[in-house]
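Structure record follows, encoded as structure tokens.
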2 protein chains.
Amino acid sequence: MNHACADCAVRESALCASLNDDELSRLNRIGRRQRLAKGQTLQFAGDDSLVFANVVDGVLKLSTSTADGREQIVGLLYPADFLGRLFAVRVDYDCTALTDADLCVFPRAGFEAALNDFQKLERDLLERTMAELDRTRQWMLLLGRKSAEEKVASFLLNIAERLRPEGCTGRSDGPQTYVLPLTRGQIADVLGLTIETVSRQMTRLKSAGVIALPSIREVTLLRPDLLEAMAEAT
Amino acid sequence: MNHACADCAVRESALCASLNDDELSRLNRIGRRQRLAKGQTLQFAGDDSLVFANVVDGVLKLSTSTADGREQIVGLLYPADFLGRLFAVRVDYDCTALTDADLCVFPRAGFEAALNDFQKLERDLLERTMAELDRTRQWMLLLGRKSAEEKVASFLLNIAERLRPEGCTGRSDGPQTYVLPLTRGQIADVLGLTIETVSRQMTRLKSAGVIALPSIREVTLLRPDLLEAMAEAT
DNA sequence: CGTTCGGTTGAAAGTCTTCAAGGAGGGTGG
DNA sequence: CCACCCTCCTTGAAGACTTTCAACCGAACG
């Protein structure tokens, strides 16, 4: 089922932003909206690579795991992000919705054809992939070299940045409150920690007055300056 | 100074493999060979993004570090790999030669022009970038979830894979010996460990008869099967 | 021949994990 | 409508693994 791109929430920011209206209408003919429920898995590691999509709304995770079940989240997809593994027969990681989500999905053949026809599309995809590679490498510094405190502080700042401005409440000159799309366990899987360590660090930050936790899924950044200092990034 | 692509060691495997002879000769006009000495840094994090190159010979590292000096290696570049950050004004990480290295360097303007003119080049670059993203994400599982033993075992298998078949000696049906392009400290920076832990794990593997260490820079995989089991990957 | 750099090894310390128990919130069914 | 259950979160105590600190070794190099 098609959908009017004109009132798409990510018309200006997703991959399709590189296309003009004519080109877009052709792409639109092959795209279809898909709604995912929270927790639903779109693809499993080892599946044939058939899914190519823009995230319209919601947050998804990309994850891999060891044979004995340890999991690592290796990517988070927010609205306007692109999902799909070209040039590979199979995908290497699971993709699961962390919240209810809307996707604009393209079949592989059609997407590849569009990529061939619209050089701007390919250029934009290359640009996004390189940006994602940069983000991923920055994340490696966190995984390999940061302490639990630094990891949690970094994570909170990072998620705030990605969720802003829609995903938060509070006056722009005051503390902002965010609804976390991840459980403590999922945060642990992002940071390479255990759920208990994440919980303890959050409690410490709260006790220190750096953050507030209005509810289990919400976090208020009371002192982002202190958080920055604790994150100790580059 | 130009160079004959015809006898380039990576003519068939680097980015330029996507070009025919005519196209290649045009690219060749703007490329120039650069030799790097071991330890030499090609670019620092924060530099303007001006370097675009194919690795012809040698091994380079990409690394970032925290303000207080902890370092994490976030990428290793082997012959035929591409180096360069398009679509960004500055680069986010250092690039340093781990061994003496040969590069085929292109100026930014010329490389971008070639990218515009030769769609195959852009396609190949997209393909390589996506493959690199996959490798990087797999590496995140190691950093976030694996034990020191698993990390070292994984690293040895990984480097053997990348160095084969040129970088090793030994009969193809027997144990193969590799010259490590990294010091213990650099291996530690790849794996998110300390130099002491790497050293201890290597000693343990040697004691267990899984590897041999003919010299400080060489490693022989006596029991790759055991190494695989210890790496415990996906 | 001394210095330096990289590597190894030991002992102590620290951080994070593991194991365990309890609590809060939300949905379901009696 | 309330009890129950399930999931997710928190907290404590003990333990394990990796790091830190320190000393020593060996090869390369001036």
Side-chain angles (χ1 to χ4, degrees), chain A residues 37-39 61 66 68-72 96 98-100 142-156 179-208 211-219 230 232, chain B residues 37-39 61 66 68-72 96 98-100 142-156 179-208 211-219 230 232:
Chain A
K38 176 178 180 171
K61 69 168 182 178
T66 60
D68 61 347
R70 286 167 288 174
E71 179 174 336
Q72 177 67 46
T96 305
L98 295 178
T99 64
D100 291 343
L142 176 149
L143 287 175
R145 291 302 185 202
K146 290 192 182 179
S147 68
E149 178 180 279
E150 291 169 326
K151 283 180 175 182
V152 171
S154 302
F155 171 77
L156 291 176
V179 177
L180 297 174
L182 296 84
T183 66
R184 298 287 186 276
Q186 288 161 347
I187 296 173
D189 287 339
V190 168
L191 300 177
L193 296 171
T194 60
I195 184 172
E196 294 94 333
T197 301
V198 172
S199 180
R200 277 186 256 268
Q201 293 297 334
M202 301 273 273
T203 304
R204 283 191 58 200
L205 289 173
K206 186 175 69 170
S207 306
I211 63 173
L213 300 170
S215 81
I216 214 163
R217 274 301 186 110
E218 288 173 302
V219 60
M230 296 171 112
E232 168 72 69
Chain B
K38 175 179 180 170
K61 69 168 182 177
T66 60
D68 61 345
R70 286 168 286 174
E71 179 174 333
Q72 176 68 46
T96 305
L98 295 178
T99 64
D100 290 344
L142 176 150
L143 287 174
R145 292 303 185 201
K146 290 193 182 178
S147 69
E149 177 178 283
E150 292 169 326
K151 284 179 174 181
V152 171
S154 302
F155 171 78
L156 291 175
V179 177
L180 296 175
L182 297 84
T183 66
R184 298 287 186 276
Q186 288 161 346
I187 295 173
D189 287 338
V190 167
L191 300 178
L193 296 171
T194 60
I195 185 173
E196 294 95 332
T197 301
V198 172
S199 180
R200 276 187 256 267
Q201 293 297 335
M202 300 272 274
T203 304
R204 283 191 57 200
L205 289 173
K206 185 175 72 169
S207 306
I211 63 172
L213 299 169
S215 80
I216 215 163
R217 276 299 188 111
E218 289 172 304
V219 60
M230 296 170 111
E232 168 73 65

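Just so it is clear: chains get the letters A, B, ... in the order the sequence lines come, proteins before strands, and each one is counted from 1. As the structure is a prediction and not an experimental result, all values here were calculated from the model.
Taking atom CG of residue Leu98(A) and atom P of nucleotide dC8(D), one finds them 12 Å apart after rounding to whole Å. As rounded to whole Å, 9 Å separates atom C1' of dT8(C) from atom NZ of Lys206(B). Separating the CD atom of Glu196(B) from the P atom of dA22(D) is a distance of 12 Å, rounded to the nearest angstrom. Summarising the geometry, the separation between CG on Leu182(A) and C1' on dT7(D) is reported as 16 Å, rounded to the nearest angstrom. Between Lys146(A) atom NZ and dT15(C) atom P the separation is 18 Å, expressed in whole Å. Rounding to whole angstrom units, CG of residue Leu213(A) and C1' of dC8(D) are separated by 14 Å. Atom-to-atom, NZ of Lys151(B) to P of dC17(D) comes out at 14 Å; the value is rounded to the nearest Å. For Asp189(B) and dG7(C), the CG to P distance is 12 Å, given to the nearest whole Å.
In the set dC16(C), dC9(D), dT19(D), dT19(D) carries the atom at the smallest distance from any side-chain atom of Thr194(B). Set against dG7(C), dT19(D), dC8(D), the side chain of Thr183(A) has dC8(D) as its closest nucleotide.
Here Thr203(B) reaches the OP1 or OP2 of dT9(C): one of its side-chain N or O atoms lies under 4.0 Å away. Note on Arg184(B): a side-chain N or O is less than 4.0 Å away from OP1 or OP2 of dT8(C). For Thr197(B), no side-chain nitrogen or oxygen approaches OP1 or OP2 of dC17(D) to under 4.0 Å.
When every heavy atom of Asp189(B) is checked against every heavy atom of Glu71(B), the shortest pair comes out as OD1-O, 3.4 Å. Considering all non-hydrogen atoms of both residues, Leu143(B) and Val190(B) come closest at CD2-O, 3.7 Å.
Note on Gly192(A): only backbone sugar-phosphate atoms sit closer than 4.0 angstrom, heavy atoms only; bases stay farther off.
Formation of a donor-acceptor pair under 3.5 Å by the Gln201(B) side chain with backbone atoms of Val198(B) is not found in this model.
One donor-acceptor pair, N or O on each side, does fall under 3.5 Å between the base of dT18(C) and the side chain of Arg200(A). The base of dC16(C) has none of its N or O atoms less than 3.5 Å from a complementary donor or acceptor on the side chain of Gln201(A). Between the base of dC16(C) and the side chain of Glu149(A) there is no donor-acceptor pair shorter than 3.5 Å.
Heavy-atom distances to DNA chain D give each of Arg145(A) and Ser199(A) a nearest nucleotide, and the one nearer the 5′ end belongs to Ser199(A).
When each of Leu180(B), Val152(B), Leu156(B), Ile195(B) is tested with Ile187(B) by the rule side-chain contact (heavy atoms from CB on, under 4.5 Å), just one qualifies, namely Leu180(B).
Few gaps surround CZ on Arg217(A); more than 12 heavy atoms of other groups in view lie less than 6.0 Å from it.
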